Amino acid sequence: MSCPVHAGYDPLAPAFLTDPYPQLAEIRAETPVFHHSELNMWVVTRHADIERIMKDHRTFCGANTQEPVFPLDEEARALLADGFGTSPTMSNGPEPKHSRVRSHCLKVFSARRLEVLAPTVRARADELITRMLRRPRFDAVNELTYPLPASVVFALIGFPAEDTVMLKELAAERMVFTWGRATPEQQTDVAKFMVRYWKYCVDFVHRRLAEPRDDFTSDLIRVHLDDPEALTVDEITNVIHAISFAGHETTTNVATSALLRLLGDREQWEALCADPSLVPQAVEEALRYDPSLFTWRRQTTRAVDIGGVEVPAGAKLLLQIGSANHDPQAFDDPEVFDIRREAARHHLTFGRGIHYCFGAPLARMEIGVMLELLAERAPSLRLAGKDVDHPRNICFRGPEKLWLEWDA
Ligand code: HEM
């Protein structure tokens, strides 16, 4: 059988970035698995195929999840080779290393730590919302959905609050670097930032090693001090580095998209304001409707059939999570945003299997707290503009700004 292709698919095209769902529906129906020569990846679009891939880590490993999608320039590569010391540990970690490290993280990131964090999340959200609502018009990303998850994940890790602005600057443009088409200048700048960010993580973990405190990093350090082979300092540094990225813009983007969808449909917003018990279902539907990791990657370890298409060993796969979550085979009326949907939780937004997102309970809590407090305190909230820009990359998706207004 010849290799299926889909000529019109361009994940960086402005129209696709703005609204990818109509084209994904066409692709799912016509060529659900196809090869894209420019990306050199096999694009997979159906819920059933993606779920099966995520659950079978022996045939589909995560080795390529953090690779830049487009090859880097020599200068950026040299900078990274010199000072960016990460090694594959979590989403891209080989087995059994990944499962060993993950099991320690899960023990430490227990219900207890989440319980300890809950009042901090609520207090911080309350403080940000109070400040935001002093004005009748504001950008909710800048005021709330970005700063809350960033400060929560940094508090969890133990990064000093006064470093947040600097860390935010160092993390800027990272998305376009790994998942977009960065210019040579951007690549050089970001590579320098990545080296500084990595060094910051190394220094921070060593400070906690010398003097553990009450935070997630120190809990991992205690595991290391009990048994240095169970978890090394380098592995801890990789985990901290990974979480400091994985744990905020992902949440920012779903929370922002949730507001966009809810406020775009007055009936749903008013229902939420009238009945806060709908918040958990609204969060789930927001996660389904607009997954913030719109795609994720895997690599085949052997030749395998995916949805009737023969894919060779070593093939790189682009899993269209956004498409899976809108697949009519998995969800009734998938294009309808419905906070009362019973089956929303079947979404693949947090993955499946051995790499299932371990920050999912925290993300759900943060998004829920933001929606609950806004519904309670600002039921007159509404969209203050129609145009929404999305970042130019193939993975992270969510409005870059969201202008809102209310009857202050
Ligand atoms: C709405 C917010 C979030 C979304 C959409 C999201 C999504 C994902 C996805 C798709 C994966 C990969 C799953 C796979 O490969 O099968 C993942 C893994 C991961 N996530 Fe999240 N995530 C979110 C929030 C968080 C938070 C708050 C944290 C940390 C506190 C976090 C930490 C991680 C880590 C460490 C992994 C790697 C797990 C492993 O490989 O074992 N994420 N996440």
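Given the structure is predicted, the values throughout are model-derived calculations rather than measurements. Both counts, for ligands and for their atoms, begin at 1 and track the order of listing.
For the residue pair Thr256 / Thr145, a side-chain donor-acceptor distance below 3.5 Å is found, with atom types taken as modelled. Residues Thr232 and Asp234 have side chains that never bring a donor and an acceptor to within less than 3.5 angstrom of each other. In the model, Ser91 has no side-chain atom that pairs as donor or acceptor with a side-chain atom of His355 under 3.5 Å.
At a heavy-atom cutoff of 4.0 Å, ligand 1 is contacted by no atom of Asn253, backbone or side chain. At a heavy-atom cutoff of 4.0 Å, ligand 1 is contacted by both the backbone and the side chain of Phe350. In Val254, the part holding a heavy atom less than 4.0 Å from any atom of ligand 1 is the side chain. Counting heavy atoms under 4.0 Å from ligand 1, residue His248 does not touch it at all.
For the pair Asp126 and Arg377, the salt-bridge criterion is met [side-chain N within less than 4.0 Å of a carboxylate O]. Comment: Arg341 does not engage Asp333 in a salt bridge, judged by the lack of any side-chain N to carboxylate O separation of less than 4.0 angstrom. The residues Asp338 and Arg288 are annotated as not salt-bridged, no charged nitrogen and carboxylate oxygen being separated by less than 4.0 angstrom.
Listed by number with element, the atoms of ligand 1 under 4.0 angstrom from any heavy atom of Arg352 are 16 (O). Atoms of ligand 1 lying under 4.0 Å from at least one heavy atom of Thr250, given by number and element, are 1 (C), 2 (C), 3 (C), 4 (C), 23 (C), 24 (C). Taking every heavy atom of Ile354 and a limit of under 4.0 angstrom, the matching atoms of ligand 1 come to 41 (O). With ligand atoms numbered from 1 in the order given, ligand 1 contributes 38 (C), 39 (C), 41 (O) to contacts under 4.0 Å with heavy atoms of Arg102.
At a 4.0 Å cut-off, not a single heavy atom of Arg364 sits close enough to ligand 1 to count as contact. Proximity of Asn92 to ligand 1 is not established, as no heavy-atom distance is less than 4.0 Å.
For the pair Arg261 and Phe337, the NZ or CZ position fails the cation-pi test of under 6.0 Å to the six-membered ring centre and within 45 degrees of the ring normal.
In terms of protein heavy atoms, atom 16 (O) of ligand 1 is closest to Arg298 NH2, 2.9 Å. The protein atom (non-hydrogen) at minimum distance from atom 40 (O) of ligand 1 is His355 ND1, 2.7 Å. Nearest protein neighbour of atom 33 (C) of ligand 1, counting heavy atoms only, is Ala246 CB, 3.8 Å. Scanning the protein for heavy atoms near atom 5 (C) of ligand 1, the closest one is Ser292 OG, 3.3 Å. Remark: minimum distance from atom 35 (C) of ligand 1 to any protein heavy atom is reached at Phe358 CE2, 3.6 Å. The protein non-hydrogen atom at the shortest distance from atom 19 (C) of ligand 1 is Cys357 CA, 3.8 Å. Protein heavy atom closest to atom 9 (C) of ligand 1, with residue, atom name and distance, is Leu293 CD1, 3.6 Å. In terms of protein heavy-atom proximity, atom 10 (C) of ligand 1 is nearest to Thr349 O, 3.3 Å.
Centroid-to-centroid, the aromatic rings of Phe193 and Phe177 stay 6.0 Å apart or farther. Note: Phe350 and Phe358 fail the aromatic proximity criterion, with ring centroids not under 6.0 Å apart. In this structure, the ring of Trp403 has its center no less than 6.0 angstrom from the ring center of Phe138.
With values rounded to the nearest 0.5 angstrom, Leu402 atom CG is found 6.0 Å from Leu259 atom CG.
Among Gly247, Pro361, Ala255, the residue whose heavy atom lies closest to atom 27 (C) of ligand 1 is Gly247.
With Phe245 as the partner, the ring pair (Phe, Tyr, Trp, His ring centres under 6.0 Å) test is satisfied by one option alone out of Trp198, Phe396, Tyr197: Tyr197.
At least one N or O atom of His98 sits closer than 3.5 Å to an N or O atom of ligand 1. Residue Ser91 has at least one N or O atom closer than 3.5 Å to an N or O atom of ligand 1. Among the atoms of Trp296, some N or O lies under 3.5 angstrom from an N or O of ligand 1.
Phe216 and Phe109 have perpendicular rings, their planes meeting at more than 60° on a 0 to 90° scale where under 30° would count as parallel.
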